[in-house]
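What follows is a single structure, written as structure tokens, with notes after it.
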Protein chains: 2
Amino acid sequence: MLLNDDMTHSLARDGLTVSRAHLLWELHHRGPTTQRGLADALDVSARNITGLVDALAGTGFVTREPHPTDRRATLVTFTRHGEATARAMERDQQEFARLLFDGMPAQRFDCFARGLDDVLARLREGSLAAAPEVSRD
Amino acid sequence: MLLNDDMTHSLARDGLTVSRAHLLWELHHRGPTTQRGLADALDVSARNITGLVDALAGTGFVTREPHPTDRRATLVTFTRHGEATARAMERDQQEFARLLFDGMPAQRFDCFARGLDDVLARLREGSLAAAPEVSRD
DNA sequence: TATTGTTATACTCTATAACTATA
DNA sequence: TATAGTTATAGAGTATAACAATA
């Protein structure tokens, strides 16, 4: 999820933090998910997910439902309020994209997109091969 | 300061965190600075600076020196180790830029840069006028 | 045995408020 | 009175390790 400052402030007004919003975002795109699944998707510890889900459940965005076949697991699931909030986040995301690109001449956009692809490809390839490392002395 | 994952990991190996590295970065570009100056530059609270400087002083990156004319203030100042680390960070930054752009045809680079300028201008103008806001329900 | 999620513990970043020393 | 920095307190995100329930 791409966030600018205004979006971060909106989240705060909704009683959300960036980490909690990321969890909602993931849930919105995956549907009901185990905490293990969320931990892997967000690349954080299981313990961390416990805390985030505790907070989101306490403020009415999600509930913990029993997994239908695995009694160890819980399925984190949207409440109606959580679902509506996630849809609003998606709308804001699209509005943000429009703000950045609407009305940009097609030629400039294509050219920018190609340059960005290039940069991203370099980043992907270079990040493993030539890991920058702070030199020690 | 622009950081990729590899750079963040390097910082950790040096005993630094991202927040502490940002403080060093600022210090490297400003020279000895009061804690108040750092708080304003990094846009965090004075209390936060106290904690970061405590940590950086405890691990030998900086010292607190008396301000020559204002006895309330302290000047946060590099140790030799801190100075060397900041220089290494700057080298890594340049290496990162080379990774992203070296050997890119001038035409593609110019075009990308123009598109980026355009996007950044939209972001600056739009961020106040059309602040995206998560709709409530 | 391996996995899911919790409890226990700890560290870091962050903030506001009250306070001391100085300007 | 105002400012620089600290102490006091609190909350959020993050991690590892030990544990219980279940697979």
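The figures here come from the full heavy-atom set of this structure, side chains too, leaving out hydrogens, waters and symmetry mates. Chain identifiers are assigned alphabetically (A, B, ...) following the order of the sequence lines, protein sequences preceding nucleic acid strands; residue numbering begins at 1 within each chain.
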* Audit row: Trp25(A), Gln93(A), side chain to side chain contact (heavy atoms under 4.5 Å, CB included) steps and yes/no -> CA-CA 11 Å; Trp25(A) 186 256; Gln93(A) 207 51 203; 3.5 Å; yes

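- Atom CG in Leu11(B) sits about 15 Å away from atom P in dT12(C), given to the nearest Å.
- Proximity of Thr74(B) to the phosphate of dG5(D): a side-chain N or O atom is located under 4.0 Å from OP1 or OP2.
- For the OP1/OP2 pair of dT6(D) and a distance below 4.0 Å, the side-chain nitrogens and oxygens of Thr50(B) include at least one atom meeting the criterion.
- Taking the six-membered ring for Trp and the full ring otherwise, Phe101(A) and Phe109(A) have centroids separated by under 6.0 Å.
- OP1 or OP2 of dA23(C) lies within a sub-4.0 Å distance of a side-chain N or O belonging to Arg71(B).
- Heavy atoms of Leu52(A) sit under 4.0 angstrom from primed sugar atoms or phosphate atoms, though from no base atom.
- Rounding to whole angstrom units, CG of residue Asp70(A) and P of dA20(D) are separated by 19 Å.
- Using a 4.0 Å heavy-atom distance criterion, Thr17(A) is classed as a sugar-phosphate-only contact.
- In this structure, Phe112(A) and Phe112(B) have parallel ring planes: the angle between them is below the 30° cut-off, well short of the 60° mark.
- Between the P atom of dT14(C) and the CD atom of Gln35(B) lies a distance of 15 Å, rounded to the nearest Å.
- Between Asp110(B) and Arg114(B) there is no salt bridge, since no side-chain N of the basic residue sits under 4.0 Å from a carboxylate O of the acidic one.
- Here the P atom of nucleotide dT14(C) and the NE2 atom of His22(B) are 10 Å apart, to the nearest Å.
- Distances were taken from every side-chain heavy atom of Arg72(B) (C-beta onward) to each of dT16(C), dT9(C), dA23(C); the shortest belongs to dA23(C).
- Within 4.0 Å (heavy atoms only), Asn48(A) reaches at least one base atom of the nucleic acid.
- A close approach under 4.0 Å does not occur between any side-chain nitrogen or oxygen of Thr34(B) and OP1 or OP2 of dA4(D).
- Look at CG on Asp54(A): it is 15 Å from C1' on dG11(D), rounded to the nearest Å.
- For Arg20(B) and dC11(C), the CZ to P distance is 12 Å, given to the nearest whole Å.
- Following rounding to the nearest Å, His67(A) (NE2) and dT3(C) (C1') show an atom-to-atom distance of 12 Å.
- A salt bridge does not link Asp54(B) to Arg20(B): none of the charged side-chain nitrogens sits closer than 4.0 Å to a carboxylate oxygen.
- Distance Glu65(B) CD to dG5(D) C1': 16 Å, rounded to the nearest Å.
- In terms of polar N and O atoms assigned as donor or acceptor, the side chain of Arg36(A) never comes within less than 3.5 Å of the base of dT4(C) in a complementary pairing.
- Summary of the strand contacts: Ala55(A) and Arg47(B) both lie near DNA chain D, and taking for each the nucleotide with the nearest heavy atom, the more 5' one is attributed to Arg47(B).
- An OP1 or OP2 oxygen of dT14(D) is reached within less than 4.0 angstrom by a side-chain nitrogen or oxygen of Ser19(A).
- Positionally, the nearest nucleotide of DNA chain D for Ala46(B) lies more toward the 5' end than for the other of Ala46(B) and Asp43(A).
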